[in-house]
Number of protein chains: 2
Amino acid sequence: MDTELVAAVRRFNRTVTQRVGALDDAYMARGRPLAQARLLWEIGPDGAEVAALRARLGLDSGHLSRLLRTLEGDGLVTVAPAGGDGRVRVASLTDAGRAEWTELDKRSDAFAWSVLEPLAGPRRTRLVAAMAEVERLLVASMVTIEPCPPGDPRARACVRAYARDVARRFDDGFDPALSSPVGDEELTPPAGVFLLATLNAEPVGCGAVKLRPDVPAEIKRVWVSDAVRGLGVGRRILDELERYAAARGWTAVRLDTNRNLTEALAMYRSAGYQEIEPYNTERYAHHWFAKRLAP
Amino acid sequence: MDTELVAAVRRFNRTVTQRVGALDDAYMARGRPLAQARLLWEIGPDGAEVAALRARLGLDSGHLSRLLRTLEGDGLVTVAPAGGDGRVRVASLTDAGRAEWTELDKRSDAFAWSVLEPLAGPRRTRLVAAMAEVERLLVASMVTIEPCPPGDPRARACVRAYARDVARRFDDGFDPALSSPVGDEELTPPAGVFLLATLNAEPVGCGAVKLRPDVPAEIKRVWVSDAVRGLGVGRRILDELERYAAARGWTAVRLDTNRNLTEALAMYRSAGYQEIEPYNTERYAHHWFAKRLAP
DNA sequence: CCATATGCCTGACTTTAGTCAGGCAATCCC
DNA sequence: GGGATTGCCTGACTAAAGTCAGGCATATGG
């Protein structure tokens with residue numbers, strides 16, 4: 001833990017929560033309790049499911065329900081059953097609510113401008129550039145990587161997204177049926193593991209490793225969503241997979257990949273992988289890599 | 001109002017309040033109400049006057065008093081009269097309070113590290129650099145500039161700091177008695193104005209303008225504290241003074257300055273001031289400038 | 001079709017936060 | 001030395017936030 005860097009982050013936290021955090025609240029709450037204002041804001045012009053609101057705002061079911069009742073009483077919101085599942089209810093804004101939302105939006109703009117306005121000349125664009133950088137890297141640090149059963153809907157969604165992505169990039173498309181199949185049980189401990197990367201509970205990446213006895217651990221399906229590409233998430237997934245295999249006694253890891261996935265190729269090389277002879281007959285593979293693991 | 005810049009600031013606000021604001025609170029409040037935790041933190045190992053705490057935390061007198069009573073009840077804090085003024089009371093930490101404070105400090109470190117830890121290689125230092133830039137520029141945008149009676153203690157403090165600064169920089173020191181004196185009444189509307197720049201209610205800069213009939217408005221005592229130097233505060237003070245004079249009908253402004261104040265010279269030139277012949281016999285002046293004001 | 005789970009709701013709280021009007025002692029300023 | 005001011009305190013509130021135990025429909029999986 002680098003104390004100098006930590007001190008800088010703490011200074012940042014202090015200034016920013018003071019300047020942004022507190023004032024943002026004050027701008028949002030227009031006479032209304034803060035929680036109500038936030039809720040109104042989160043519902044947004046397109047409406048939102050109650051469960052989604054609860055998750056986003058981190059509110060107790062009872063508390064949220066009451067807040068919705070209040071906003072409904074004020075004629076700003078209506079809550080009605082959703083189309084499919086009759087238990088799920090969707091909150092949406094009335095015309096009055098939409099007007100109020102627009103006002104909040106304006107105030108958010110005004111607040112943002114109040115930060116920029118006192119700065120002259122190049123300082124304004126410098127601030128915005130630095131903010132964009134901070135935001136981008138904070139998002140990167142908000143991505144968490146955790147084991148997940150390969151049958152989980154979020155895992156499935158990632159694998160589908162992976163198939164879609166590679167289908168677009170391989171010269172001859174991608175037909176999962178022609179690729180050597182990987183069963184769920186091969187990616188379930190102790191035979192292997194499937195890691196899911198999430199950002200605010202949304203899946204944004206994945207990776208898996210198969211641990212077969214007496215052969216190197218085999219990495220599969222490393223994928224990162226466009227939303228967080230370029231933030232080092234792929235590399236983190238790879239590191240975690242290697243660590244997982246090493247912790248369970250494997251001393252080497254290998255993988256295959258397609259010649260069109262140039263960033264992946266670069267990542268493997270920079271992560272210390274060496275190109276090796278083909279160890280399988282995977283239909284879509286052009287390169288095979290291996291790396292020794294420190295115990 | 002540049003909508004693109006505003007949108008960037010809003011994205012930043014959203015990510016940062018989510019990542020920093022909420023979590024920071026959660027790290028701080030260890031089972032304790034947030035306000036108590038914050039207060040404990042603000043008291044700090046060296047103690048603090050009750051009035052200072054009230055100002056820093058923006059709390060009501062009653063509320064703060066009660067919070068102090070609670071912490072005192074928990075054996076974390078003692079409140080005792082200060083040395084000089086018997087009305088002023090100072091809160092300080094007991095041994096238990098100090099231990100608790102240390103724990104909070106550790107947790108703040110841990111939280112800051114949790115932001116950096118997931119980032120690999122150059123991203124970590126890039127984040128810190130960008131944070132430092134954002135912090136610096138946010139501080140600049142937190143500085144407010146407002147008219148203030150020249151007799152106000154904060155104004156006096158600025159003028160003293162100004163005298164100290166120039167005494168150090170002029171070749172032959174600075175004796176206010178040898179400089180042409182400026183009376184308070186000359187800097188009090190309508191004869192003139194004294195502007196005070198503050199950051200979190202602390203004075204960090206000043207500037208004044210004398211408005212005498214039939215001669216150009218005269219700018220005096222533009223000073224910026226080291227704490228915010230290089231952030232464009234001096235330029236903002238100058239702009240405000242010019243605007244003040246212009247709004248009251250003056251069409252030109254002038255000032256004198258010392259050859260050793262190189263940044264000030266550069267600032268006046270870049271702000272459109274032209275060097276002119278001496279218009280007074282000020283003991284410490286080497287350069288005289290003037291500028292026409294747009295009505 | 002029945003047991004179980006899920007999603008949202010209500011009632012009945014407790015805990016924090018924040019406000020306002022005084023009150024008392026110390027201090028300041030003629 | 002006496003009136004005004006300052007600094008902190010208490011009492012008596014209201015408002016908002018947050019918690020917990022059910023309850024009632026609507027799904028879902030044998």
Side-chain angles (χ1 to χ4, degrees), chain A residues 21-23 25-26 28-43 47-74 76-92 151-153 201, chain B residues 21-22 25-26 28-43 47-74 76-92 151-154 201:
Chain A
L23 277 178
D25 291 356
M28 280 290 270
R30 324 203 304 113
R32 204 185 306 289
L34 228 193
Q36 273 181 46
R38 272 199 200 305
L39 175 54
L40 187 68
W41 174 257
E42 282 296 339
I43 292 171
E49 294 186 359
V50 173
L53 294 170
R54 207 166 43 220
R56 260 185 278 167
L57 294 165
L59 290 176
D60 171 84
S61 163
H63 191 184
L64 174 59
S65 185
R66 246 173 287 272
L67 287 172
L68 282 171
R69 236 38 62 215
T70 312
L71 289 174
E72 224 171 10
D74 292 353
L76 299 170
V77 162
T78 56
V79 182
D85 189 328
R87 293 167 302 184
V88 174
R89 307 193 7 126
V90 169
S92 23
D152 185 289
Chain B
D25 291 356
M28 281 289 272
R30 324 204 303 115
R32 204 184 305 291
L34 228 192
Q36 273 181 44
R38 275 199 196 306
L39 175 54
L40 188 67
W41 174 256
E42 283 295 341
I43 292 172
E49 294 187 359
V50 174
L53 294 170
R54 207 165 47 222
R56 262 186 275 167
L57 294 165
L59 289 176
D60 172 84
S61 162
H63 191 185
L64 174 60
S65 185
R66 245 173 287 273
L67 287 172
L68 281 172
R69 237 38 63 216
T70 313
L71 288 175
E72 224 171 9
D74 292 352
L76 299 170
V77 161
T78 55
V79 181
D85 190 329
R87 294 166 304 183
V88 174
R89 307 192 10 123
V90 169
S92 22
D152 185 289
R154 294 169 306 167

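Within every chain, numbering begins at 1; the chains are lettered A, B, ... in the order of the sequence lines, protein sequences first and strands thereafter.
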Whole-Å gap separating [atom2] ([N]) and [atom1] ([X]):
| X | N | atom1 | atom2 | answer |
| --- | --- | --- | --- | --- |
| B:R38 | C:dT16 | CZ | P | 16 Å |
| B:L57 | C:dA17 | CG | P | 12 Å |
| B:L64 | C:dG18 | CG | P | 12 Å |

- Evaluation steps, side chain to side chain contact (heavy atoms under 4.5 Å, CB included), between A:R89 and A:L68: CA-CA 11 Å; A:R89 307 193 7 126; A:L68 282 171; over 6 Å; no

- Message: Once rounded to the nearest 0.5 Å, what's the spacing between atom CG of A:L34 and atom CG of A:L39?
- Response: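 These two atoms lie 11.5 Å from each other.
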
- Task: Please report the shortest heavy-atom distance between A:G86 and A:P81, naming the atom on each side.
- Result: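 Heavy atoms of A:G86 and A:P81 come nearest at O-CB, 4.4 Å.
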
- Message: Which heavy atom of A:S92 sits nearest to which heavy atom of A:I43, and what is that distance?
- Response: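 Looks like CA-CG2, 4.0 Å.
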
All salt bridge (Lys or Arg N to Asp or Glu O under 4.0 Å) counterparts of [X], not counting sequence neighbours:
| X | answer |
| --- | --- |
| A:D85 | A:R87 |
| B:R54 | none |
| A:D25 | A:R38 |
| A:R69 | A:E72 |

- Where does the chain A footprint on DNA chain D start and end, counting 5' to 3' with a 4.0 Å heavy-atom cut-off?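 Under 4.0 Å from chain A, the extent on DNA chain D is D:dA16 to D:dA27.
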
Of all residues at least two apart in sequence or in a different chain, which pass the side-chain contact (heavy atoms from CB on, under 4.5 Å) check with [X]?
| X | value |
| --- | --- |
| A:A48 | A:L53, A:R56 |
| B:R30 | B:E100, B:E103, B:L104, B:R107 |
| A:A55 | none |

- On DNA chain C, check which nucleotide each of B:P33 and A:V50 is closest to and give me the residue with the more 5' one.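 It is A:V50, whose closest nucleotide lies nearer the 5' terminus.
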
- Task: Could you check whether B:R32 gets within reach of a base, just the sugar-phosphate, or nothing at all, counting any heavy atom under 4.0 Å?
- Result: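 No contact.
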
- Task: Give the angle between the helix axes at the two ends of the helix from C:dC1-D:dG30 to C:dC30-D:dG1, taking five base pairs at each end and rounding to 10°.
- Result: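 Roughly 30° between the end axes, to the nearest 10°.
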
- Which residue lies toward the 5' end of DNA chain D, B:V79 or A:G31, if each is placed at its nearest nucleotide?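 Result: B:V79.
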
- Nearest-nucleotide wise, let me know which of B:G62 and B:V88 is further upstream toward the 5' end of DNA chain D.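 Going by which nucleotide is closer to the 5' end, it is B:V88.
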
- Message: Contact list please: residues 66-74 of chain B against DNA chain D, heavy atoms, distance less than 4.0 Å, in numerical order.
- Response: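 Only B:R66, B:R69 qualify.
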
- A:D60 side chain to A:G62 backbone, donor-acceptor under 3.5 Å: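 Yes; judged by distance alone, with no hydrogens or angles, the pair exists.
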
- Item | Protein-to-nucleotide contact annotation, 5' to 3' order, nucleotides 23-30 of chain C [B base; S sugar-phosphate only; - none; under 4.0 Å, heavy atom] | ---BS---

- Task: With sequence neighbours excluded, tell me which residues meet side-chain hydrogen bond (donor to acceptor under 3.5 Å, both in side chains) with A:R66.
- Result: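 Partners of A:R66 by the side-chain hydrogen bond (donor to acceptor under 3.5 Å, both in side chains) criterion come out as none, since no residue qualifies.
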
